[in-house]
Structures are given as structure tokens and as C-alpha cells.
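All residue numbers refer to positions in the sequence shown, counting from 1.
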Amino acid sequence: MRGEVPASATVDWWFMAKGESEFTHIYSYADLTGYIMDDRFDERLAWNGSKKTEDVQDGSIYILNVTFNDTGTYRCFFDRTLVFPNYEYRTNATKFISINVVGKATRGMASILSEIMMYVSIIGLQLWLLVEMVYCYRKIAAAGEEALRESEAEYLAITSESKDNCAGVTVAE
């Protein structure tokens with residue numbers, strides 16, 4: 001969306017039911033207003049696209065109260081015109097969406113595999129964290145014991161030095 005160039009857009013939705021050979025115009029959005037064109041979709045289509053602008057960027061719709069008869073291919077035709085001072089530039093795009101309505105959502109293999117991999121990675125990361133904690137604990141404990149040995153050696157060295165110095169001192173009477 002470019003604010004410095006005024007533009008306007010229209011969106012048209014078409015539907016071809018499973019088993020049919022031609023698309024039927026079901027919805028049109030232009031000049032901030034949506035129109036349901038097919039009786040099969042009366043009160044079942046709702047605009048979900050850009051609101052309060054003639055320069056539509058999002059041309060999506062909702063299908064309410066979905067039935068098995070809604071299975072088929074939907075075609076969205078997006079027509080946009082950019083208005084420059086000396087000319088108008090018109091562009092359009094068409095997208096196709098296939099919808100298969102099922103009685104109950106099925107869980108695909110990708111969903112199952114991704115869930116398994118999530119649990120495997122969580123368990124693997126927890127085991128790695130446990131190994132790291134044990135490793136760090138042992139390293140800290142070893143460093144602590146080494147520090148105790150060093151301070152003990154220093155203490156013993158100071159004690160034996162002071163005993164040696166005491167033997168050389170004579171007491172005056």
C-alpha cells in the first residue's frame with residue numbers, strides 16, 4: 001500500500017462446486033460495499049478484508065455455516081487501479097483455493113510426526129541439561145576441594161615456619 005499514490009480496488013469471488021465445470025460469481029466488493037451474488041450463499045458470506053478504504057489490500061471473506069455443498073474451488077479476482085497525475089495503472093491478480101468439507105477434522109501424519117518430534121526434543125534437551133548440571137557440579141566440587149587442599153597446605157607451611165623461627169629465639173632472663 002502506497003499512501004502517496006491514490007488507488008482503488010475491487011474484489012470478486014467465484015465458486016465452482018465439485019462436479020461442476022464453470023465458476024459462478026458469488027461475491028463482489030467495490031466502493032466500500034459487499035454484495036452477495038449467489039442465493040446459495042445468502043447471509044453466509046461476510047467481508048473480512050480491508051475496511052474503510054477504497055484501496056483494498058486484503059480481499060478475504062468468511063463463509064459462515066459451512067455445509068458439504070461448499071466443497072469445491074473458489075477463485076478470487078483482485079483488480080486494483082493506481083491513479084497517477086497523467087495516467088492510471090491497472091493491475092490484477094487471480095488466486096484459486098480448493099476446499100474439501102469433511103464431517104470431522106482428521107489429524108494428518110505431519111501433525112502426528114511434529115508432535116512426536118516435539119516431545120523427543122524436549123526430553124533430549126532435559127537430559128542434556130541434567131548432564132550439564134552434573135558436570136558443572138563435579139567441576140565446582142573439585143575446584144572447592146582443590147582450594148581446601150591449597151589453603152590447608154598454606155596453613156601447614158605457615159605453622160612449620162613459625163615453629164622453626166621460635167626455636168632460634170632465646171628468652172632473656
Side-chain angles (χ1 to χ4, degrees), residues 1-140:
M1 182 173 179
R2 298 184 55 126
E4 68 272 11
V5 178
S8 64
T10 61
V11 179
D12 289 293
W13 281 91
W14 302 74
F15 172 64
M16 181 171 56
K18 189 174 183 178
E20 292 182 4
S21 59
E22 291 190 22
F23 281 94
T24 305
H25 194 194
I26 61 169
Y27 191 82
S28 181
Y29 186 86
D31 300 322
L32 305 175
T33 307
Y35 305 95
I36 297 174
M37 311 297 279
D38 190 325
D39 293 338
R40 293 179 289 181
F41 292 94
D42 265 348
E43 297 183 20
R44 294 193 323 116
L45 293 180
W47 179 251
N48 187 44
S50 301
K51 295 174 177 49
K52 299 180 182 176
T53 179
E54 286 190 12
D55 188 12
V56 176
Q57 299 294 309
D58 177 0
S60 58
I61 59 174
Y62 282 126
I63 302 174
L64 309 170
N65 302 321
V66 175
T67 67
F68 289 109
N69 293 334
D70 295 330
T71 296
T73 303
Y74 293 81
R75 179 176 70 189
C76 175
F77 180 75
F78 205 95
D79 187 27
R80 186 165 186 236
T81 304
L82 298 169
V83 181
F84 293 97
N86 297 326
Y87 70 98
E88 292 183 355
Y89 178 76
R90 189 171 180 184
T91 183
N92 56 50
T94 302
K95 299 292 179 184
F96 294 90
I97 301 166
S98 294
I99 295 179
N100 185 25
V101 179
V102 294
K104 183 177 180 184
T106 57
R107 191 165 180 202
M109 189 58 134
S111 170
I112 294 168
L113 288 175
S114 66
E115 187 174 344
I116 290 170
M117 290 307 298
M118 178 188 68
Y119 288 122
V120 167
S121 64
I122 288 171
I123 291 168
L125 289 172
Q126 286 179 341
L127 290 174
W128 176 75
L129 181 62
L130 181 65
V131 168
E132 283 292 319
M133 287 173 54
V134 169
Y135 171 76
C136 290
Y137 175 76
R138 285 186 177 172
K139 198 166 185 175
I140 291 168

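A 6.0 Å sphere centred on CE of M109 holds no more than 12 heavy atoms belonging to other residues, nucleotides or ligands. The environment of K51 atom NZ is dense: over 12 non-hydrogen atoms of other residues, nucleotides or ligands sit within 6.0 angstrom. For Y137, the OH atom counts as loosely surrounded, since its 6.0 Å shell holds 12 or fewer non-hydrogen atoms of other residues, nucleotides or ligands. Counted within 6.0 Å of OH on Y89, heavy atoms from surrounding residues, nucleotides or ligands total 12 or fewer; the atom is thus considered open.
The shortest side-chain heavy-atom distance between S28 and T10 does not fall under the 4.5 Å cut-off. The side-chain heavy atoms of W13 and D38, taken from C-beta on, include no pair separated by under 4.5 Å. Proximity of I63 to R44: side-chain heavy atoms (C-beta onward) are separated by under 4.5 Å at one or more points. Put simply, the side chain of F23 reaches to within 4.5 Å of the side chain of T73, judged on heavy atoms. Residues E132 and W128 form a side-chain contact, since some pair of their non-hydrogen atoms from C-beta on lies under 4.5 Å apart.
Without hydrogens or angle criteria, T71 side chain to V101 main chain gives a donor-acceptor distance under 3.5 Å. A donor-acceptor pair under 3.5 Å is absent between the side-chain atoms of R75 and the main chain of W14, judged by distance alone. No side-chain donor-acceptor contact under 3.5 Å links D31 to the backbone of T33.
Taking CE from M117 and CD1 from I122, the interatomic distance works out to 11.5 Å, rounded to the nearest 0.5 Å. To the nearest 0.5 Å, atom CD1 of residue I26 and atom CE of residue M16 are 12.5 Å apart. To the nearest 0.5 Å, atoms CG (N100) and NZ (K18) are separated by 5.5 Å. Put simply, CD on E88 and OG on S8 are 7.5 Å apart, with the number rounded to the nearest 0.5 Å.
Listed here is the closest heavy atom pair of M37 and H25: CB-O, 3.3 Å. Taking all atoms of both residues into account, the shortest heavy-atom contact from L45 to I36 is O-CD1, 3.9 Å. The minimum heavy-atom distance between V11 and G59, with the atom names listed, is CG1-O, 3.7 Å.
Using a cut-off of 4.0 Å between Lys/Arg side-chain N and Asp/Glu carboxylate O, D70 and R40 are scored as not salt-bridged.
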For this session: Start with the C-alpha gap between T53 and D55, add the side-chain angles, then the distance that decides, and say whether side chain to side chain donor-acceptor pair (under 3.5 Å) holds.
Result: CA-CA 5 Å; T53 179; D55 188 12; 5.6 Å; no
For this session: Could you walk me through whether K52 and L32 pass the side chain to side chain contact (heavy atoms under 4.5 Å, CB included) test, one step at a time?
Result: CA-CA 7 Å; K52 299 180 182 176; L32 305 175; 5.7 Å; no
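The ring-ring contact (aromatic ring centres under 6.0 Å, His included) test with Y29 singles out one residue from Y35, F78, F77, W47, and that residue is W47.
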